[in-house]
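Every chain is numbered from 1, with letters handed out A, B, ... down the list of sequences. Computed from heavy atoms alone, side chains included, the values below leave out hydrogens, waters and symmetry copies.
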Amino acid sequence: MSDKNEPVENEQITENENDLIKIRKEKLQKIADLGFEIYPSSYEQKEAISEIAELYSGYSEEKLKEENIKIKTAGRIIGRRIMGKTTFIDIIDGLAKIQIYFQKNKLDEKHTELLGLLDIGDFIGVSGELFKTRTGELTIVVDSFKFLSKALRPLPEKFHGLQDVEARYRQRYLDLIMNQKSREVFEIRSKTIEWLRRLLNARKFLEVETPMMQPIAGGAAARPFITHHNTLDMDLYLRIAPELYLKRLEVGCMERVYEINRNFRNEGISTKHNPEFTMLEFYQAYIDYKEMMRQTEAMLVEVVEKVHGTTEISYQGKQVNFKAPWPRITFYDSIMQYTGAKKEELQSRESIIAIAKKNEVEFDPKWSDIKILNELFEKKVEPNLFNPTFIIDYPLEISPLSKKKPEDPNLVERFELFIAGMEIANGFSELNDPVDQRHRFEMQIKEREMGDDEAHQMDEDYVTAMEYGMPPIAGEGIGIDRLVMLFTDRDSIREVILFPQLRKN
RNA sequence: GGGCCCGUAGCUCAGCUGGUAGAGCAGUGCCCUUUUAAGGCAUUGGUCGAAGGUUCGAAUCCUUCCGGGCUCACCA
């Protein structure tokens with residue numbers, strides 16, 4: 001913190017320390033006084049605890065005795081049972097736990113003292129033979145051990161673990177030590193992303209990285225974060241989507257590209273929204289949104305199978321069946337289906353308002369017809385879409401970057417994928433007509449002038465790129481955090497993000 | 001941002017129709033060579049989120065602020 005080494009500061013730290021920390025510091029000093037290195041730099045060739053468990057837990061007591069299996073491993077102490085001349089210690093390496101058995105008559109005087117100076121939370125390296133205790137637990141009986149690092153602060157309680165939600169998010173490291181479930185969430189998160197990458201790579205997609213700091217924040221309807229570059233003396237926006245850059249790459253004949261990274265949206269925080277969130281966006285030339293849906297379906301089914309081992313998962317007490325094919329329902333049909341409205345009732349403003357009232361969906365009279373329809377969709381349709389469902393053919397007005405349907409220019413070739421009532425993906429046949437694109441941006445600018453600060457800005461540079469010629473493309477964004485929520489049965493996005501955004505404390 | 005709920009020992013929690021703070025775990029000391037939420041005996045530890053107010057007296061009642069959870073609004 002300070003490079004001045006002011007004694008005042010040291011005193012303050014000491015004053016703030018409670019006895020538990022003081023005692024642990026004294027123990028560390030005693031360990032040093034005994035001649036042990038207190039922060040040694042390595043403990044090499046150690047075996048993973050999870051691998052030891054995997055390899056040998058099936059062995060019988062007799063077999064272990066015969067084979068004299070020597071083990072060297074290391075980890076953090078999370079439990080200790082002292083019984084006079086013997087001590088049992090549990091250590092973990094993040095994936096698994098193993099029991100270590102110390103016998104005083106096998107240790108020299110210095111190591112006996114060292115054993116007494118260990119605390120829960122400390123790191124040790126041990127070597128010894130494997131055996132099974134009376135109760136059948138795989139255990140290492142120590143013939144030597146090494147002190148590796150000290151925990152000056154005590155870990156949370158062993159039985160209840162760390163329950164305080166705020167502490168679990170702010171001090172995620174403690175959550176990961178104490179709560180195996182939490183650790184598993186991030187294993188599944190990693191696996192999910194790994195499999196998405198593998199499947200895309202197998203389909204000859206190229207992984208790319210496009211700017212996270214952009215002069216115009218485009219590609220989605222959202223308020224951006226603003227930042228400033230000092231040397232260039234210019235304001236930049238943290239990206240709300242990589243979309244317009246990835247499509248510039250399509251102009252550059254990169255036919256299949258994808259990017260997995262963070263987007264930033266300066267909006268409300270909730271159990272389903274973190275200001276920074278992870279999206280997979282991918283674009284493929286020469287296909288349309290229908291083919292994109294087929295590929296999405298195939299890919300997600302495979303990811304679920306790889307990550308979960310089955311296509312049926314349980315989410316918040318309900319079953320979600322990923323088995324293909326997934327239903328495709330048009331935006332308007334879905335509203336009719338769940339509100340009981342007839343087709344002609346969705347045509348005029350009066351009847352749309354009547355439908356909203358009949359379905360007890362609140363709206364602002366200033367809203368456009370489309371916005372009221374969208375509200376009907378979100379309130380009456382979305383919560384019912386539990387098994388994976390594609391909603392297709394959205395109104396033009398809310399889709400400024402997608403291609404019109406040839407047979408109905410008021411609709412676009414767009415789909416959104418809903419699972420467990422959550423929007424998981426959004427994709428469309430990409431608009432590649434630069435004249436139409438400029439016109440759409442102009443429509444958005446009008447929206448912006450009417451007070452919608454989430455409406456899209458004009459991006460001349462993007463239109464210019466398109467004027468050089470853009471092939472037919474379909475593109476899609478998949479919300480990784482929400483997908484992981486599904487796979488881990490979590491109802492809050494904060495449970496699947498290691499360090500979710502919180503107020504400063 | 002609105003509504004409801006929460007903040008007490010390192011951790012998990014009691015105590016809250018006002019009388020000045022408790023338990024379990026962790027810690028410390030002693031006993032214990034197959035325990036596993038080990039056990040037994042003893043024991044340390046608290047600006048009761050912060051600041052005001054009411055009161056003879058506030059962890060408890062009131063106000064404001066800080067932090068969190070759920071929810072509504074906005075969004076993915």
Novice: Looking for any heavy atom pair under 4.0 Å, which part of the strands does Ala220(A) touch: base, sugar-phosphate only, or nothing?
Specialist: nothing

Novice: Need to verify one output field. Residue with the more 5' nearest nucleotide on RNA chain B, Phe159(A) or Arg170(A)?
Specialist: Phe159(A)

Novice: Please verify the inter-ring angle class for Phe386(A) with Tyr315(A); under 30° counts as parallel, over 60° as perpendicular, anything in between as tilted.
Specialist: tilted

Novice: Between protein and nucleic acid, restricted to nucleotides 38-46 of chain B and to nitrogen or oxygen atoms under 3.5 Å apart, what atom pairs and distances do you find?
Specialist:
{"residue": "A38(B)", "atom": "OP1", "partner": "Lys158(A)", "partner atom": "NZ", "Å": "2.0"}
{"residue": "A38(B)", "atom": "OP2", "partner": "Arg81(A)", "partner atom": "NH1", "Å": "3.2"}
{"residue": "A38(B)", "atom": "N6", "partner": "Ile82(A)", "partner atom": "O", "Å": "2.9"}

Novice: Could you identify which residues of residues 93-111 of chain A place a heavy atom less than 4.0 Å from some atom of RNA chain B, listed by residue number, or say none?
Specialist: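 Those residues are Gln99(A), Tyr101(A), Gln103(A), Asn105(A).
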
Novice: Checking base pairs now: Watson-Crick or wobble, both atom distances under 3.5 Å. What partners C32(B)?
Specialist: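 Across any shown strand, C32(B) pairs with none.
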
Novice: Among residues 161-169 of chain A, which ones have heavy-atom contacts with RNA chain B below 4.0 Å?
Specialist: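 Correct list: Gly161(A), Leu162(A), Gln163(A), Asp164(A), Val165(A), Glu166(A), Tyr169(A).
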
Novice: Looking at Tyr169(A), I'd like to know if the NZ or CZ of Arg494(A) sits under 6.0 Å from its six-membered ring centre while staying within 45 degrees of the ring's axis.
Specialist: no

Novice: Can Lys247(A) and Glu243(A) be counted as an ion pair, charged N to O under 4.0 angstrom?
Specialist: yes

Novice: Paired with G7(B) by Watson-Crick or G-U wobble geometry, both distances under 3.5 Å: which nucleotide is it?
Specialist: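 Looking at the geometry, G7(B) pairs with C66(B).
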
Novice: If the threshold is 4.0 Å, N to carboxylate O, is there a salt bridge linking Arg328(A) and Glu297(A)?
Specialist: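 Here Arg328(A) pairs with Glu297(A) in a salt bridge, since their nearest N and O are under 4.0 Å apart.
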
Novice: When we call it a touch if two heavy atoms are under 4.0 Å apart, what does Gly268(A) touch: a base, just sugar-phosphate, or nothing?
Specialist: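 It contacts base atoms.
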
Novice: What is the base-pairing partner of C48(B), counting Watson-Crick and G-U wobble geometry with both distances under 3.5 Å?
Specialist: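 Matched C48(B) with nothing under the 3.5 Å cut-off.
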
Novice: When you measure from the side-chain N and O atoms of Lys27(A) to the phosphate of U28(B), is any distance below 4.0 Å, counting only OP1 and OP2?
Specialist: yes

Novice: Is the Phe131(A) ring parallel, tilted or perpendicular to the Tyr101(A) ring (thresholds 30°, 60°)?
Specialist: tilted

Novice: Just to be sure I understand the rule, does Arg153(A) reach a base, reach only the sugar-phosphate, or reach nothing, if contact means heavy atoms closer than 4.0 Å?
Specialist: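 Here Arg153(A) touches no strand at all.
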
Novice: If the cut-off is 4.0 Å, is Thr271(A) near the phosphate of U71(B), judged by side-chain N/O to OP1 or OP2?
Specialist: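 Indeed, a polar side-chain atom of Thr271(A) lies that close.
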
Novice: Flag this pair as yes if the NZ/CZ of Arg248(A) is under 6.0 angstrom from the six-membered ring centre of Tyr245(A) and inside a 45 degree cone about the axis; otherwise no.
Specialist: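 Yes - Arg248(A) lies over the ring of Tyr245(A), closer than 6.0 Å to its centre and within 45° of its axis.
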
Novice: Can you confirm whether Ser314(A) sits close enough to Val320(A) that some side-chain heavy atom of one is under 4.5 Å from a side-chain heavy atom of the other?
Specialist: no

Novice: Ignoring backbone atoms, establish whether Lys132(A) has a side-chain N or O less than 4.0 Å from OP1 or OP2 of U35(B).
Specialist: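 False: Lys132(A) side-chain N/O out of range (4.0 Å or more) of U35(B) OP1/OP2.
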
Novice: Determine whether a donor-acceptor pair (N or O, by modelled atom type, separation under 3.5 Å) exists between the side chain of Glu375(A) and the backbone of Phe363(A).
Specialist: no

Novice: Determine the interatomic distance between P on A9(B) and the same-named atom on G45(B); round to the nearest Å.
Specialist: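 Looking at atom P only, A9(B) and G45(B) are 15 Å apart.
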
Novice: Report yes if a side-chain nitrogen or oxygen of Arg503(A) is closer than 4.0 Å to either non-bridging phosphate oxygen (OP1 or OP2) of G68(B); otherwise report no.
Specialist: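 For G68(B), OP1 or OP2 has a side-chain N or O of Arg503(A) closer than 4.0 Å.
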
Novice: Quick check on C74(B): is either OP1 or OP2 less than 4.0 Å from any side-chain nitrogen or oxygen of Arg223(A)?
Specialist: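 Looking at the OP1 and OP2 atoms of C74(B), neither is under 4.0 Å from any side-chain N or O of Arg223(A).
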
Novice: Name the nucleic acid region contacted by Ile23(A), choosing base, sugar-phosphate or nothing; use a 4.0 angstrom heavy-atom cut-off, strictly under.
Specialist: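 The answer is sugar-phosphate, as Ile23(A) gets under 4.0 Å only of primed atoms, P, OP1 or OP2.
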
Novice: For Asp364(A), answer base if it contacts any base atom (sugar-phosphate contacts may also be present), sugar-phosphate if it contacts only those atoms, and nothing otherwise; contact means non-hydrogen atoms under 4.0 Å.
Specialist: nothing

Novice: Taking the six-membered ring of Phe36(A) as reference, does the cationic atom of Lys110(A) (NZ for Lys, CZ for Arg) lie under 6.0 Å from its centre and within 45° of its axis?
Specialist: yes

Novice: May I ask you to say what Glu454(A) touches in the nucleic acid, namely base, sugar-phosphate or nothing, with a heavy-atom cut-off under 4.0 Å?
Specialist: sugar-phosphate

Novice: I need the NE2-C1' distance between His160(A) and A26(B), as an integer number of Å.
Specialist: 13 Å

Novice: Closer than 4.0 angstrom, basic N to acidic O: yes or no for Asp119(A) and Lys27(A)?
Specialist: yes

